[in-house]
Amino acid sequence: VVHQNLCLTTSQGEVILAWEDARNGFFNIYTQKVNKAGTLTWGQNGIAVAKAAADQINPCLVADGKGGMYFAWEDHRQADAPKIRMQHLAKNGQRLWESSLQIATAKGNQTNPRLISDKAGGAIIVWEDTRDVLDLTNLYGQRLNSQGQLLWGSAGKALVGENGEQIDTDITADGSGG
């Protein structure tokens, strides 16, 4: 089984890992929590964040402030147009949203997600987006609350929309919830 592209964070003294895992024939995002004693909290094999019969790559995660996590990844259910999807897991690993959430409904490729907490129980995500063929790749963002509501509209907000390639996303908190 192939495991790759590991990312991790800490929450309430525990370490939470996410990775691409090919155990079911596709790369899906799996997660594991390791407590302070070094015990694997979510079973020997971890848990699938959102199983799909398609590749899920480039995972990222951020703590929700309550012991749970927000996860984002690049989802290839539409082979020619990857989309960014998210899931919210509780402290015990239970999925808090019925299904994973697509964070923007626009056409084009959405890739390379990055996440931070909004310090209000939700998350802010940025990604690369090719919806405007004249500008090539631009940077977009979305803010979600803990219920999965898209707070910046169904298409997200353009953050950088200049001519040429806007790539290599990253995000950091401003200390005021932004």
Seminar exercise, completed: Applying salt bridge (charged side-chain N to carboxylate O under 4.0 Å, His left out) to R95 and not counting sequence neighbours gives none
Exercise. Roughly how far apart are L8 CG and T31 OG1, rounded to 0.5 Å?
Worked result: 10.0 Å
Exercise. When clusters are formed from ILVMFWY side-chain contacts under 4.5 Å, directly or step by step, what else is grouped with V49?
Worked result: I16, I29, W42, I47, L61, M69, F71, W73, L89
For this session: Using the test side chain to side chain donor-acceptor pair (under 3.5 Å), find all partners of Q94 that sit at least two apart in sequence or belong to another chain.
Result: none
For this session: Share the residues that join F26 in a hydrophobic cluster, the rule being Ile, Leu, Val, Met, Phe, Trp or Tyr side chains under 4.5 Å apart at the heavy-atom level.
Result: none
Exercise. According to a 4.5 Å side-chain heavy-atom criterion applied to Ile, Leu, Val, Met, Phe, Trp and Tyr, with indirect links allowed, do I125 and L159 form part of one hydrophobic cluster?
Worked result: no
Exercise. Looking at S146 and G121, what are the two nearest heavy atoms and their distance?
Worked result: CB-O, 3.5 Å
For this session: Hey, could you give me the OH/CG distance between Y70 and L96, rounded to the nearest 0.5 Å?
Result: 8.0 Å
For this session: Could I get the full list of side chain to side chain donor-acceptor pair (under 3.5 Å) partners for E98, not counting sequence neighbours?
Result: none
For this session: Taking all non-hydrogen atoms of both residues into account, name the closest pair between G68 and S11 and its distance.
Result: O-OG, 4.5 Å
For this session: Run the numbers on Y140 and I84 for side chain to side chain contact (heavy atoms under 4.5 Å, CB included), then give the verdict.
Result: CA-CA 11 Å; Y140 277 77; I84 304 300; over 6 Å; no
For this session: Output every pair passing salt bridge (charged side-chain N to carboxylate O under 4.0 Å, His left out) with a member in residues 40-49, not counting sequence neighbours, ordered by first then second residue.
Result: none
Exercise. Got a donor-acceptor contact below 3.5 angstrom from the R131 side chain to the A155 backbone?
Worked result: yes
For this session: Check whether any side-chain N or O of Q32 sits under 3.5 Å from a backbone N or O of G43 as a donor-acceptor pair, and report yes or no.
Result: yes
Exercise. Is a donor on one side and an acceptor on the other found under 3.5 Å between the side chain of S117 and the backbone of K119?
Worked result: yes
Exercise. Tell me the salt bridge (charged side-chain N to carboxylate O under 4.0 Å, His left out) pairs involving residues 16-31, sequence neighbours left out?
Worked result: D21-R23
For this session: Determine which pairs satisfy salt bridge (charged side-chain N to carboxylate O under 4.0 Å, His left out) with at least one residue from residues 33-43, sequence neighbours left out, and list them in order.
Result: E14-K33
Problem set entry | Min side-chain heavy-atom separation T111-N58 under 4.5 Å | no
Exercise. Between A123 and L115, which heavy-atom pair has the shortest distance, and what is it?
Worked result: CB-CD2, 4.0 Å
Exercise. Mind checking whether L40 and W19 sit in one hydrophobic cluster, side chains of I, L, V, M, F, W, Y counted as touching below 4.5 Å?
Worked result: yes
Exercise. Going by heavy atoms in the side chains, are L139 and E128 under 4.5 Å from each other?
Worked result: yes
For this session: To the nearest 0.5 Å, tell me how far Q110 CD sits from Q102 CD.
Result: 6.0 Å
Exercise. Under 4.5 Å between any side-chain heavy atoms of L136 and T130, yes or no?
Worked result: no
For this session: Is it possible for you to say whether L151 and I116 belong to one hydrophobic cluster, with membership spreading through side-chain heavy-atom contacts below 4.5 Å?
Result: yes
Exercise. For the hydrophobic clusters of this structure (ILVMFWY residues joined by side-chain heavy atoms under 4.5 Å, transitively), does one cluster hold both W127 and L101?
Worked result: yes
Problem set entry | Approximate separation, where rounding is to 0.5 Å, of N28 CG and Q56 CD | 4.0 Å
Exercise. With hydrophobic residues grouped by side-chain heavy-atom distances under 4.5 Å, do L17 and V62 end up in a single group?
Worked result: no
Problem set entry | Heavy-atom pair with the smallest gap, counting every atom of I103 and Q142 | O-NE2, 3.2 Å
For this session: Could you walk me through whether H88 and L144 pass the side chain to side chain contact (heavy atoms under 4.5 Å, CB included) test, one step at a time?
Result: CA-CA 10 Å; H88 186 192; L144 298 95; over 6 Å; no
List, one per line, each side-chain donor-acceptor pair under 3.5 Å for residues 76-83, sequence neighbours excluded.
{"residue": "H76", "atom": "NE2", "partner": "E74", "partner atom": "OE2", "Å": "2.9"}
{"residue": "R77", "atom": "NE", "partner": "D75", "partner atom": "OD1", "Å": "3.0"}
{"residue": "R77", "atom": "NE", "partner": "D75", "partner atom": "OD2", "Å": "3.2"}
{"residue": "R77", "atom": "NH2", "partner": "D75", "partner atom": "OD2", "Å": "3.4"}
{"residue": "R77", "atom": "NH2", "partner": "S100", "partner atom": "OG", "Å": "3.3"}
{"residue": "K83", "atom": "NZ", "partner": "A106", "partner atom": "O", "Å": "3.0"}
{"residue": "K83", "atom": "NZ", "partner": "G108", "partner atom": "O", "Å": "2.6"}

Exercise. Quick one: salt bridge (charged side-chain N to carboxylate O under 4.0 Å, His left out) partners of R114, sequence neighbours excluded?
Worked result: none
Problem set entry | salt bridge (charged side-chain N to carboxylate O under 4.0 Å, His left out) contacts touching residues 99-108 (sequence neighbours left out) | none
Exercise. How does the hydrophobic cluster around F27 look, that is, which other residues are in it when side-chain heavy atoms under 4.5 Å mark a link?
Worked result: V2, I57
Exercise. Would you say the side chains of Y30 and N24 form a donor-acceptor pair under 3.5 Å?
Worked result: yes
